[in-house]
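Quick note: numbers below take in every heavy atom, side chains included, and nothing from hydrogens, waters or symmetry partners.
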Amino acid sequence: MHTVTLESLHLILQAAALRDKASEMRAYMRNQFDFLGLPTPLRRATAKPWLKAQKGLGAAALLQLADTLWELPQREYQYLAIDLLAMYWKELTPQELPALLALARRQSWWDTVDGLASLIGQVLRGSHEGMDQALAHEDFWLRRIALLHQLGWRDAVDEARLFRYCLNQAHEQEFFIRKAIGWALRDYAHHRPQAVRAFLDASGAQLSPLSYREAARHLGSAAHA
């Protein structure tokens, strides 16, 4: 993609930005990132023509463009990279998984990592390629992706793998891992509450209180610490 195209996009986004929102967005992200001031609906509406124009680029060019966007200073550009890849996820295959995981390790925080986890869940198409390795990675953000990659899979969830991953990471002190364990279990509980209830009854004592509370949130009185 030509630089002039990205320059034009930058001008369009700058013109649409809400300056008073930029400071709010920075504060919400603990002042870790700069922002133009484009809440998600406005960002997507403003960038929609540009996103549609990228149709048919192919996996390599999509990833190259996403990589370029990722290097830009304002956080909206990382979000836009995820929007781009999510719009054309069918052009990606598990072969692109290393590149997607590499993005997750740059300028990492829950917002981009969770967006990439959702994308990776689509790209894997029901497989779990690379997820065992991600779960064993030193970078806890990759471990979070492994825990979350089955979100929304419903019948396609590998239940044994889900429970095994949660127990594998149950010892972790990291907040974002503990939260991910609870989130993954809670999501599956919407589909198979009895299975999650049985897991918590048998193994809940191994989970942190945070993970347990999150997992049991919608299970009612049948699940209790």
Side-chain angles (χ1 to χ4, degrees), residues 1 44 47 50-72 77-170 172 174 176-177 179-192 195-196:
M1 189 55 55
R44 288 177 174 165
W50 180 84
L51 287 167
K52 291 177 70 175
Q54 311 313 312
K55 184 176 181 179
L57 281 182
L62 283 170
L63 288 167
Q64 183 177 9
L65 184 51
D67 189 77
T68 299
L69 289 167
W70 215 270
E71 287 302 302
L72 296 177
Y77 290 109
Q78 285 98 63
Y79 299 158
L80 188 57
I82 296 172
D83 290 341
L84 174 72
L85 296 173
M87 180 175 283
Y88 301 112
W89 70 269
K90 290 183 180 179
E91 297 192 35
L92 305 174
T93 71
Q95 193 170 8
E96 281 74 56
L97 182 63
L100 297 175
L101 292 175
L103 286 179
R105 300 194 68 195
R106 290 157 53 193
Q107 302 194 59
S108 307
W109 197 242
W110 64 264
D111 53 344
T112 52
V113 169
D114 291 359
L116 288 167
S118 177
L119 172 66
I120 287 168
Q122 291 178 292
V123 171
L124 287 176
R125 294 172 172 82
S127 80
H128 308 277
E129 185 172 332
M131 291 298 97
D132 284 353
Q133 293 86 344
L135 190 75
H137 202 279
E138 63 182 4
D139 190 331
F140 72 84
W141 292 116
L142 297 198
R143 301 201 299 275
R144 182 173 169 97
I145 286 175
L147 287 164
L148 298 180
H149 79 279
Q150 297 190 86
L151 287 181
W153 283 23
R154 296 178 62 79
D155 285 333
V157 168
D158 181 336
E159 183 178 292
R161 181 184 298 270
L162 171 64
F163 295 158
R164 173 165 54 87
Y165 278 19
C166 290
L167 290 178
N168 178 277
Q169 293 294 295
E172 282 288 341
E174 171 57 51
F176 287 107
I177 291 297
K179 192 79 169 179
I181 291 170
W183 184 10
L185 292 171
R186 185 175 76 244
D187 180 77
Y188 190 50
H190 288 307
H191 182 59
R192 287 206 65 207
V196 175

Quiz item: What's the verdict on side chain to side chain contact (heavy atoms under 4.5 Å, CB included) for Leu116 and Ile82, showing C-alpha distance, side-chain angles and the deciding distance?
Solution: CA-CA 7 Å; Leu116 288 167; Ile82 296 172; 4.2 Å; yes
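- Side-chain contact check for Glu96 versus Leu63: some heavy-atom pair is nearer than 4.5 Å.
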Quiz item: Going through the checks in order, is the side chain to side chain contact (heavy atoms under 4.5 Å, CB included) test met by Met131 and Ile120?
Solution: CA-CA 10 Å; Met131 291 298 97; Ile120 287 168; 4.1 Å; yes
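- Between His128 and His149, the angle of the ring planes goes over 60°, which puts this pair in the perpendicular group of the 30/60° scheme.
- Under the 3.5 Å distance criterion, the side-chain polar atoms of Asp187 are left unmatched by any main-chain donor or acceptor of Leu151.
- The ring of His137 has its center no closer than 6.0 angstrom to the ring center of Trp141.
- Taking CZ of Phe176 as the start and CH2 of Trp183 as the end, the distance is 11.0 Å to the nearest 0.5 Å.
- Of all the heavy atoms in Trp153 and Gly121, the pair that sits closest is CZ2-O, 3.3 Å.
- In this structure the side chain of Ile181 never reaches within 4.5 angstrom of the side chain of Leu167, judged on heavy atoms.
- Across every non-hydrogen atom of Leu80 and Ala47, the tightest pair is CD1-CB, 3.6 Å.
- Listed here is the closest heavy atom pair of Ala195 and Phe163: O-CZ, 3.8 Å.
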Quiz item: What do the steps show when you test His191 against Val157 for side chain to side chain contact (heavy atoms under 4.5 Å, CB included), and what is the final call?
Solution: CA-CA 10 Å; His191 182 59; Val157 168; over 6 Å; no
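- Checked against side chain to side chain donor-acceptor pair (under 3.5 Å), Glu91 has no partners two or more places apart in sequence or in another chain.
- Heavy-atom minimum distance, Ala184 versus Leu162: CB-CD1, 3.8 Å.
- Annotation: side chain to side chain donor-acceptor pair (under 3.5 Å) contacts of Asp139 (sequence neighbours excluded): Arg105.
- Electrostatic pairing of Asp67 and Arg106 counts as a salt bridge here, judged by a charged N lying under 4.0 Å from a carboxylate O.
- Side-chain atoms of Thr68 and Glu71 include no donor-acceptor pair closer than 3.5 Å.
- Closest of all the heavy-atom pairs between Leu84 and Ala66 is CD2-N, 4.3 Å.
- The distance from atom CG of Leu148 to atom NZ of Lys179, rounded to the nearest 0.5 Å, is 12.0 Å.
- With Glu172 contributing its side chain and Ile177 its backbone, the two residues share no donor-acceptor pair below 3.5 Å.
- Screening residues 113-127 for side chain to side chain donor-acceptor pair (under 3.5 Å) gives Asp114-Arg144 as the qualifying pairs, with residues at least two apart or on separate chains.
- Note that the CD1 atom of Ile145 and the CG atom of Leu100 stand 8.5 Å from one another [nearest 0.5 Å].
- Atom CE of residue Met87 and atom CZ of residue Arg44 lie 9.0 Å apart, to the nearest 0.5 angstrom.
- Residues passing the side chain to side chain donor-acceptor pair (under 3.5 Å) test with Gln150, sequence neighbours excluded: none.
- Ala104 and Leu142 get closest at one heavy-atom pair: CB-CD2, 4.0 Å.
- The closest side-chain donor-acceptor pair between Tyr88 and Gln54, if any, does not fall under 3.5 angstrom.
- The line from OG1 of Thr112 to CG of Leu103 is 9.0 Å long, rounded to the nearest 0.5 Å.
- With sequence neighbours left out, the side chain to side chain donor-acceptor pair (under 3.5 Å) criterion links Tyr165 to Asp132, Arg161.
- Residues that satisfy the salt bridge (charged side-chain N to carboxylate O under 4.0 Å, His left out) test with Glu174, not counting sequence neighbours, are absent from this structure.
- Remark: Gln169 CD to Leu135 CG distance equals 4.5 Å, nearest 0.5 Å.
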